[in-house]
Amino acid sequence: MSDRTIDDGVDLAAPITAAPPAGSPDADATGPRTPPDQLGPPARRGLGNRLARLAEAIWRPALLLAALVSVWWFVAAREYVPNYLVPTPGQVWTTMVDQWSFLLRNTYVTLYETVIGFVLAALLGLGTAILIAYSPTMEKAIYPIVLFAQVIPKIAIAPLLVVWFGVGFTPKIVLAVLIAFFPVVISGVAGLRSTDPELIDLAATMGAGPWKTFRRIRFPNALPHLMSGLKVAVTLAVVGAVVGEFVGADEGLGYVLLLANGNLDAALLFADLFLMSLIGIVLFVVVEVAEALLIPWHASRRSGVPLTTS
Amino acid sequence: MSDRTIDDGVDLAAPITAAPPAGSPDADATGPRTPPDQLGPPARRGLGNRLARLAEAIWRPALLLAALVSVWWFVAAREYVPNYLVPTPGQVWTTMVDQWSFLLRNTYVTLYETVIGFVLAALLGLGTAILIAYSPTMEKAIYPIVLFAQVIPKIAIAPLLVVWFGVGFTPKIVLAVLIAFFPVVISGVAGLRSTDPELIDLAATMGAGPWKTFRRIRFPNALPHLMSGLKVAVTLAVVGAVVGEFVGADEGLGYVLLLANGNLDAALLFADLFLMSLIGIVLFVVVEVAEALLIPWHASRRSGVPLTTS
Amino acid sequence: GSDEQPTTADGRKQVTLTLNWVPYGEHAPFYYGLKKGYYEAEGIELEIKPGGGSGKTIQAVAQQQTDFGWADTPPMLKAIATGMKVKSVGVFLQKGPTSIEFLADKGISKPADLKGKTVGGTPGDAIYATFPAWLKANGLAETDVKVVNLDAAGKVAALAEGRVDAIQGFFHDQAPTIEAKTGKKVDYLLYADWGMNMLGTGIVVNDATLSKDPDLVKAFVRATQKSWADAAKDIPGATDAMAELAENEPAKDVLVKQLTLAVPLLDVAPGAAPGVNPPTKWTETIDLMSRYADLKDAGGPEKYWDSGYTNQG
Amino acid sequence: MTSTTTGTAVDLTNLTVRFQSKRSRTTAVQDVTLRAEPGEFVTIVGPSGCGKSTLLKVVAGLVRPTAGTVSLLGQAVTRPQREIGFVFQRAALLEWRGARRNILLQAEMRGLDRKLAARRADELIELTGLTGFEQALPHELSGGMQQRVALCRALLHQPRVLLMDEPFGALDALTREQLNTELNRIWRETGTTILLVTHSIAEAVFLGTRVEVMSPRPGRIVRTLPVDLPAERGYAQVMSDPRFDRLATEIRELLGAGANH
Amino acid sequence: MTSTTTGTAVDLTNLTVRFQSKRSRTTAVQDVTLRAEPGEFVTIVGPSGCGKSTLLKVVAGLVRPTAGTVSLLGQAVTRPQREIGFVFQRAALLEWRGARRNILLQAEMRGLDRKLAARRADELIELTGLTGFEQALPHELSGGMQQRVALCRALLHQPRVLLMDEPFGALDALTREQLNTELNRIWRETGTTILLVTHSIAEAVFLGTRVEVMSPRPGRIVRTLPVDLPAERGYAQVMSDPRFDRLATEIRELLGAGANH
Ligand SMILES: Nc1ncnc2c1ncn2[C@@H]1O[C@H](COP(=O)(O)OP(=O)(O)OP(=O)(O)O)[C@@H](O)[C@H]1O
Ligand SMILES: Nc1ncnc2c1ncn2[C@@H]1O[C@H](COP(=O)(O)OP(=O)(O)OP(=O)(O)O)[C@@H](O)[C@H]1O
Ligand SMILES: [Mg+2]
Ligand SMILES: [Mg+2]
């Protein structure tokens, strides 16, 4: 209950960076969770303050990134690891600049496949989770199939997919769906099942049918769980698209990876890996932002510190 | 609250298959959730009843399996899909029987790598989740690294792993860990964060330090979330081990897959895929059983129908 | 892969060729032919697609996802044995590029020097399968050499990093690349030079295409033969063409080296054109594959190869 | 509101409910017979854990009895009932909805007219003193405020039968009095049948046309006390009525308690 | 139990607490000054939503005041306090633990002697009438039973200061009386300082050495009423005492209520 009093000089319009998370030992160790009501001067609450808080939010990851790049640069420049395995940041940068249109085009292809695959996986996964969570009969029938589809290594069935779906976008999207589907199902089922039985009772006394109970009670209740699954799924969807491109493609970052590997072109390989990671990170952050908008009410979010990277 | 009255003839020692799940529309549609107290004759509560319920539990998946095998057999035998792509069930069976000791040995290798990888991923993932959930500073520093490690396609960095770790078990286990780690972190963080703030308050007034609060409140509270993550992780660990074997190995199911692919031996390929899937399914069920034992108290489990495939 | 070969506006047939791998020097003649208009002259609008290994290329041909494939012979034999409806219409690299590669400073000059060494190979491919036989043919026992299993990308890194002493591979592709990247000199022992020759890469076609449009196949093979014959005489021109038309090909100097190493592998009989195979070479390869690589119900060359499409001379 | 079944509003006959948990079996309600005619206001008092909440849930069709029959508005209860309003003992609010939207859940679930429901919700908010907290999420409300939200939600659709499980337990004396008076008014004006569980003997007498006193677990009905007070009651008036005192004392004795809270 | 700080047990001076939520700002407590000497039993009554729970949480160090100072046992409160026992308004039980293990949580968290704690837990279970439900999970307990478990948990370690937020709200008259009497005994025997929030005026007077009456939100203290009754009190005796009646009536008037529950 007792979460928030007015924060010291915090911009009220942006409460997400207000206080340390409720009950985190950091906070516990230093004092009660809720800071006193001493509003700062108005100046601190405008743009300057926003910038200051942005800086505060990103300096740590920025520092980390800088440190990583330095280590990388040091290792590569000194050739502690040979350059054909680990190129220098400079080489990678040059490759990126020289081939930007080629890389951009292929990034777009992979991004496209990933997004479509993720959206389909989210919808199908949620649908499946609903069937499983609602009907024990369905559960017994569907669960084995879902599980089976998950445990088969996708890289092994990728050639079959190419045979069945040709070499266009379809097999990549199918792979992305297959690979991203499972976490959505698992977290969806767990979320839908975790509804307080008394709320279900409540809905029943309101004469609500399954759909309304789902829409207004079970689904919102499942969201915190579900978002965990979607976060895992979105990063896996990238992998699915790339694996699909390994098997049969003449575009996309997975294809560029094959090219780079075939030519031992480490700079291109790293640029390619960087772009793949970038897609994953950007989509992950998009899901996190969606989460922050969808479930601001949840205990995990009430604290004010969102689960983001920035 | 109102979950369980005495079930009609249900074996009380095995309450997990008692009633339809609380509040599932199946149950809602047909009547109140809790069945009347009319104990059946003692005979029904012994071995016979147990068998009957086992049969009841597995006939649907068994039927499904039979249907799948029939379709497969039909498609393969009629050569709707060429046999070099999809062999007949008979061919696969013959391969399994003929090469059982070879397959068993390689299954054992992959199982071993998977289990070690999964256990390490679970421990590391939980540790990371704790750091992230507890400390906003750590969150900002660690999250980007974890995310980055997740979004890089493992298949792309596998060759580097071989260079760094050689061709023994290590790179396979490292890959299994890398691939299974992320779902544990995400679900762990979500679970640890979802603790009711009032319970944290309670712990604070008991003078409990972070460790005790974690052990007795946050961790048990996070378990339902965490188990979702572990279920995803265990299936991914299999994939990690297999991908590791692709890159450099002389044993394991991934190695057998390469052999089968190289020799275009579809029967061996399918036998191999079947064994991979089997490892995944068995480990998944193990995690589910662990879940049923660890969180029988949770709303999702109270219903009595466990989230299993059997 | 549809029933009617699609055509361009001016009536040329649209044709795809899938390579055995991402573009490297061996492929320069195709680009040369494109540049010089040899394919156009035969009424063919050619599109060259990169591949992901001979096996996948053969499968794409079998599934009619591509019209022609450029693929290695041993995997093609296997593919036909398992039921894929494809055939070779001429192997161009008749001297197999199959080889054992190692850094020059290892002091290896003959197979016997491999004794006690570790060799990286990829399980499932033909080099891997025939390696024990090749050792035997050179007086070594299977146990004299330790084989380490690695995938294609891992092999090269492992060799350069000294994790293995040697690797199995195609010297004309890998050696120049490794040399260019690591600056280390790479040497090799060719299977073919040491008692075991198997046919290398050639053109693979689906049986359906052969019966449906034999003229197209003939035209394609003709253009390809001409491209190879002329490229062999104009290596700089060929690599220039490739640098211009291919995407993300290796560096120019690597291309030149790769093609230079590839040309002798054509192993053309005096007076014959590239891609014309003596049946004996086929029998030898089939024999080796059935003895060492588990090729079942081998049969004769006609099961795998149709000589009727090559221009003899 | 829709069907016009006649007969007894609530009819429990020889009701027994037993719960089976892993280790033990609890008989919550034992052989209870209870009838409420349409328009009756039955209040139920009894020791903690005697099965009062269970009783209401049986009427609502949320718990199936181990033995005995249940009917509501003349029809056998075999599934959750929708002709009712239920105030649970815990507030059971949706944590992601503000107070007003929690109240309106009732209307959304039943597909009631939005405008009308919104107007009525605002009236109820006003009535229960929640004005200013329409948007507040449950965790931002005090215990008593949460309870009032749950109360508003149960009253929103003017149900034919109201089941209320200690709806005023977390409220102070004044608020309680006011809401008691309001409930009395609503009951008189709408003719709703009400079953109300309370721990306050004064409240039981003030509100009920009949008080049912239950025994400790296994809960049986030990006495049924008709309240012979006029339907329209004022607090001051009732408290000073000798009949009130007599009834309160009798209930207190039945429950074994001495004081008057 | 460990440190032996002297001075005022609880000291709130000019306390103000404001909550900021997305859309609105609520002043829960306004300028409250409240002192409790060691061994005092202060009861707090006030309208729903006036900040009583907030007040207790401030004392426990769970909510930092917007203005004013707080000290407990002579030391400034800057972090959650452990010298206390806290009964929250909601039972706040761990759903995965049985009743007894929920009570023993207190001992585990504090590292108390297991044997001793177990013995005391069993005594408290007996005392609160939970015998037979030691293993029952929270969802298998009635509302009043859950509250009793929470009560036992707060009493287990015999804290120097007890903060109780409507600890008997969900209990019937008899159980309430019995537990009131027990609490009175425990208080007399241990000399614990107690702050207790209640909606029952009778309970406030029966238990307290002093009753603090709060105004509606923003909560201020409108009157402090010393209860000049002997420390050892019996229910029957107190109820018939004219001083009780006078006090109860005065509180009732301050709260604006007329009846006596
Ligand atoms: N789901 C359940 N599983 C097992 N036992 C239960 C369950 N629900 C209730 N009980 C038991 O049934 C008995 C009656 O519970 P109920 O909630 O009806 O009591 P109550 O009269 O409402 O008590 P209170 O006044 O404390 O709310 C209790 O002993 C309780 O432990
Ligand atoms: N976490 C919070 N965020 C915002 N407002 C809050 C929060 N906690 C309490 N409030 C507000 O503070 C006021 C006082 O709440 P508090 O819980 O202290 O009341 P109370 O006196 O205990 O009431 P009750 O008797 O109903 O339990 C209420 O108006 C409530 O809405
Ligand atoms: Mg109850
Ligand atoms: Mg309160």
Query raised in the report: Which of these passes side-chain hydrogen bond (donor to acceptor under 3.5 Å, both in side chains) with Arg223(D): Glu253(D), Glu250(D), Glu212(D)?
Result: Glu250(D)

Query raised in the report: Which residue out of Asp172(D), Thr26(D), Val238(D) racks up the most heavy-atom pairs below 4.5 Å with chain E?
Result: Asp172(D)

**Report entry** Closest contact, heavy atoms only, Ala204(E) versus Val45(E)
**Finding:** CB-CG1, 3.6 Å

Query raised in the report: chain D heavy atoms under 4.5 Å from Phe206(E): which part of the residue, side chain, backbone, both or neither?
Result: neither

**Report entry** Exercise: do Asn180(D) and Arg176(D) side chains pair donor with acceptor under 3.5 Å
**Finding:** no

Report task. Name the region of Gln135(E), side chain, backbone, both or neither, that has any atom closer than 4.5 Å to a heavy atom of chain D. Result -> both

Query - Heavy-atom pair with the smallest gap, counting every atom of Pro65(D) and Val70(D) - result: CG-CG2, 3.7 Å

Query raised in the report: What residues of residues 47-55 of chain D sit under 4.5 Å from chain E when only non-hydrogen atoms are counted?
Result: Pro47(D), Ser48(D), Gly49(D)

Report summary line: Tested for side-chain contact (heavy atoms from CB on, under 4.5 Å) against Thr128(D), the lone hit among Glu123(D), Arg148(D), Gln178(D) is Arg148(D)

Report task. Can you sort out the partners of Arg97(D) under salt bridge (Lys or Arg N to Asp or Glu O under 4.0 Å), two or more places apart, ordered by chain and number? Result -> Glu108(D)

Report summary line: Nearest heavy-atom approach of Val205(D) to Phe244(D) is CG1-CD1, 3.4 Å

